[in-house]
Amino acid sequence: MSLRFYNTMTRSLEEFKPIKPGEVRMYTCGPTVYAPAHVGNYRAYTFEDILRRYLIYKGYRVTQVMNITDIDDKTIRDSSAKGITLKEHTQPLIDMFFEDIDRLNIQRAEYYPAATEHIDEMVAMVKKLLERGHAYRSGDSIYYKISTFPKYGSLSHMKIEELMAGARIDSDEYEKETASDFALWKGWTEKDGAVFWETSLGKGRPGWHIECSAMSKKYLGEQFDIHTGGVDNIFPHHENEIAQSEGAAGKKFVNYWLHNAHLIVESKKMAKSEGNFFTVQDLVDQGHDPLAIRFVLLSTHYRQQLNFTMDGLEAAKAAITRLRDFKSNVESATGSGENKAVNEAIEKAVKGFEEGLDNDLNISPSIAAVFDFVREINSIVADKGLSDSDREEVLKILRKFDSVLGVIFVEESEIEADIEEMIQKRLEARKNKDFQTADKIRDELLSRGIILEDTPSGTKWKRKIS
RNA sequence: GGCGGCUUAGCCAAGUGGUAAGGCGGAGGUCUGCAAAACCUCUAUUCUCCGGUUCGAAUCCGGAAGCCGCCUCCA
């Protein structure tokens with residue numbers, strides 16, 4: 001079966017066909033760096049990571065762009081409230097963002113363009129929109145005239161008349177001809193303080209939506225394959241992007257629109273007032289392994305609302321532990337002779353894994369296929385062991401699954417010298433049948449996060465996933 | 001008010017017409033000095049509720065209840 005995605009534009013499952021065979025260009029909506037990103041934000045980035053990784057798994061060459069929105073009402077508001085420059089406010093948050101995606105094992109995109117570094121591109125696009133009659137100047141600001149773009153509303157499936165009927169009129173945007181028009185360029189006001197650019201459009205700053213149109217064009221061209229974001233972005237952000245990009249280029253902007261659902265926490269909407277609003281850092285501070293967070297975020301289909309719970313986080317730890325123990329069991333397995341059952345298990349697992357993800361990244365059946373595989377191979381290992389070549393085949397395929405999941409093969413930090421000593425001491429004690437001492441050492445190590453396992457081939461240690 | 005989504009075991013979560021995947025948790029067993037890991041067995045006669053269509057429905061249709069979104073800068 002081929003790869004299919006649910007396209008928000010058509011509200012249907014469509015076979016994925018890239019514009020250029022073997023290559024995928026995609027734009028993934030990134031963070032607005034006004035406050036630390038919360039776990040809900042990372043649901044989106046994790047989904048985008050699974051998408052990216054699976055495309056690579058399928059053999060595509062991927063060019064991914066993720067924008068960094070470092071200029072908007074909130075970054076201005078918060079930086080001026082603190083009396084620091086925009087950059088001083090956003091840079092620490094950008095650093096935190098990269099720290100978080102690294103520890104969640106989210107692969108880096110090819111480009112992370114910051115809005116403030118692409119003002120020229122935005123100005124050029126606004127000019128183009130003025131030229132083509134899609135925009136008008138009002139006072140010091142420039143607005144997009146949505147009545148010039150008949151397709152407006154096609155992504156969100158909303159009718160312009162309805163939007164107009166329900167539109168609220170923002171007091172400081174009274175100059176718009178129609179309430180539902182949106183700002184491309186905002187003329188400087190006192191509220192903006194030192195945040196402005198002197199451009200051929202005048203003194204001011206860009207509207208929010210124009211950055212994505214301008215930056216996607218710069219890095220991906222006027223037309224590309226996939227655009228993603230949270231469901232909240234469908235309207236107005238992505239709708240406006242389409243209007244801008246297609247209005248400026250005169251051709252279709254994006255072929256596949258993918259949107260992820262939000263997450264709730266302990267069955268409740270995540271909100272500061274509920275006390276269930278937290279960041280990745282908060283969870284790490286509580287001692288939770290970031291990859292357990294990753295597993296929680298990736299294990300629910302992206303279009304399904306995800307219920308983030310502490311029980312779920314604990315379950316994820318246990319699941320990852322099982323997968324890593326499996327890896328370790330296989331690595332130390334010995335045996336002779338090819339085993340037909342191994343190949344059968346591999347074939348079945350690959351089929352199940354790909355069937356799930358091919359179907360709009362439906363990851364649950366894929367994870368099920370991996371766990372079925374674990375049980376089958378473990379059973380073979382317990383029964384007959386694995387030959388060298390079978391072992392390598394199993395590890396190869398596990399590594400391939402993990403190229404998407406990203407939770408099994410991780411760098412293990414070296415064991416500390418004193419821990420090694422304690423393990424040796426315990427070995428001695430066991431030899432002398434001094435099990436009391438041996439158990440005491442084992443307990444001590446456990447309290448330091450080291451789990452010992454006595455196997456026929458010696459004592460193994462591993463780090464506990466917290 | 002308009003538009004959309006969801007409701008499956010103690011928890012998480014697949015399944016979209018043919019008789020309930022998988023994970024976690026729990027129970028019992030094998031192995032082990034004891035553990036751990038691993039393996040084996042068991043853990044929803046039933047899919048929010050009420051009707052209907054059908055030989056057959058968690059899946060389709062109608063209705064009800066609950067939850068969650070979007071409706072101009074929130075992933």
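- OP1 or OP2 of B:C39 sits under 4.0 Å from a side-chain N or O of A:Asn378.
- Among the duplex regions that RNA chain B forms, those built from at least three successive Watson-Crick or G-U pairs under 3.5 Å are B:1-7 with B:65-71, B:10-12 with B:22-24, B:25-30 with B:38-43, B:48-52 with B:60-64, ordered by first number.
- Rounded to whole Å, the C1' atom of B:U8 lies 10 Å from the corresponding atom of B:A14.
- In this structure, the ring of A:Tyr256 has its center no less than 6.0 angstrom from the ring center of A:Tyr6.
- Stacking between A:Phe371 and B:G22 is absent: the aromatic ring centre is not both under 5.5 angstrom from the base six-membered ring centre and within 30 degrees in plane angle.
- A ring-ring contact (aromatic ring centres under 6.0 Å, His included) check over residues 302-323 of chain A, counting only residues at least two apart or in different chains, returns the pairs A:Phe47-A:Tyr302, A:Phe278-A:Phe308.
- Across all strands, A:Ile363 comes closer than 4.0 Å to no nucleic acid atom at all (heavy-atom distances).
- At whole-Å resolution of the value, NZ in A:Lys433 and C1' in B:C34 are 12 Å apart.
- For B:U43 and B:A20, the P atoms lie 13 Å apart once the distance is rounded to whole Å.
- Here B:A37 is the nucleotide among B:A37, B:G4, B:A75 with the atom lying nearest to any side-chain atom of A:Asn329.
- Across all strands shown, A:Asn41 has heavy atoms under 4.0 Å from base atoms, whether or not it also approaches the sugar-phosphate.
- A distance of about 15 Å separates the C1' atoms of B:G23 and B:G15, rounded to the whole Å.
- The separation between A:Lys440 atom NZ and B:A35 atom C1' is 18 Å, rounded to whole Å.
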Under 3.5 Å, which N/O atoms of the protein pair with N/O atoms of nucleotides 10-13 of chain B?
residue, atom, partner, partner atom, Å
B:C12, OP1, A:Asn307, ND2, 3.3
B:A13, O2', A:Ser364, OG, 3.0

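- Going from the C1' atom of B:C49 to that of B:A38 covers 44 Å, rounded to whole Å.
- Remark: A:Lys217 NZ is loosely packed, at most 12 non-hydrogen atoms of other residues, nucleotides or ligands lying under 6.0 Å away.
- A:Asp49 and A:Thr46 form no side-chain donor-acceptor contact under 3.5 Å, judged by distance and modelled atom types alone.
- Residue-to-nucleotide contacts include no donor-acceptor pair under 3.5 Å from the side chain of A:Arg322 to the base of B:A37.
- Spacing of C1' atoms, B:U16 relative to B:G10, comes out at 27 Å, to the nearest Å.
- The side chain of A:Ser379 approaches B:C39 more closely than any other nucleotide in the set B:C74, B:C39, B:G25.
- Taking atom CG of A:Asp383 as the reference point, atom C1' of B:C40 lies 12 Å away to the nearest angstrom.
- Residue contacts for A:Asp232: at a heavy-atom cut-off of 4.0 Å it reaches a base atom on one of the strands shown.
- The P atoms of B:U7 and B:C60 are separated by 11 Å, rounded to the nearest whole Å.
- If you check distances only, the side chain of A:Arg375 never reaches the base of B:C40 with a donor-acceptor pair under 3.5 Å.
- Of the residues near RNA chain B, A:Leu452 and A:His38, the one whose nearest nucleotide (by heavy atom distance) lies more toward the 5' end is A:Leu452.
- B:U48 and B:A13 are spaced 14 Å apart, taking the P atom of each and rounding to whole Å.
- Between A:Phe353 and A:Tyr57, the gap from one ring centroid to the other is short of 6.0 Å.
- Put simply, CG on A:Leu298 is 15 Å from C1' on B:A14, counting in whole angstrom units.
- Residues A:Ser366 and A:Asp439 both approach RNA chain B. Their nearest nucleotides, taken by heavy-atom distance, put A:Ser366 toward the 5′ side.
- Side-chain atoms of A:Arg430 and base atoms of B:G33 include a donor and an acceptor less than 3.5 Å apart.
- Using a 4.0 Å cut-off between a side-chain N of Lys or Arg and a carboxylate O of Asp or Glu, A:Lys351 and A:Glu347 do not qualify as a salt bridge.
- Look at A:Asn359 and you won't find any side-chain N or O under 4.0 angstrom from OP1 or OP2 of B:A14.
- In this structure, A:Asp454 reaches the bases: a heavy-atom distance under 4.0 Å links it to at least one base atom across the strands shown.
- Nucleotide B:G23 holds its P atom 15 Å from the CZ atom of A:Phe373, rounded to whole Å.
- Residue A:Phe235 places its side chain closer to B:C70 than to any other of B:G25, B:A75, B:C70.
- Ring pair A:Tyr144/A:Phe149 is perpendicular by interplanar angle, where above 60° counts as perpendicular and below 30° as parallel.
- For A:Glu453, taking side-chain heavy atoms from C-beta onward, the closest of the listed nucleotides B:C39, B:C24, B:A37 is B:A37.
- Heavy atoms of A:Ile234 sit nowhere under 4.0 angstrom from any nucleic acid atom.
- Comparing B:U53 with B:U72, their P atoms sit 44 Å apart, to the nearest whole Å.
- The CG atom of A:Asp181 lies 5.5 Å from the CD1 atom of A:Ile146; values are rounded to the nearest 0.5 Å.
- Without hydrogens or angle criteria, A:Thr28 side chain to A:Val65 main chain gives a donor-acceptor distance under 3.5 Å.
- Salt bridge absent: A:Lys191 and A:Asp73 never bring a charged side-chain N and a carboxylate O closer than 4.0 Å.
- As judged by a 4.0 angstrom heavy-atom cut-off over every strand, A:Lys74 is placed among residues touching the sugar-phosphate backbone only.
- Note that the NE2 atom of A:His209 and the CE atom of A:Met122 stand 12.5 Å from one another [nearest 0.5 Å].
- For the pair A:Ile226/A:Leu55, a side-chain contact is recorded, criterion being any heavy-atom separation below 4.5 Å from C-beta on.
- Base contact: A:His262 has a heavy atom under 4.0 Å from a base atom.
- Residue-level contact check: A:Arg426 touches the bases, meaning some heavy atom is under 4.0 Å from a base atom.
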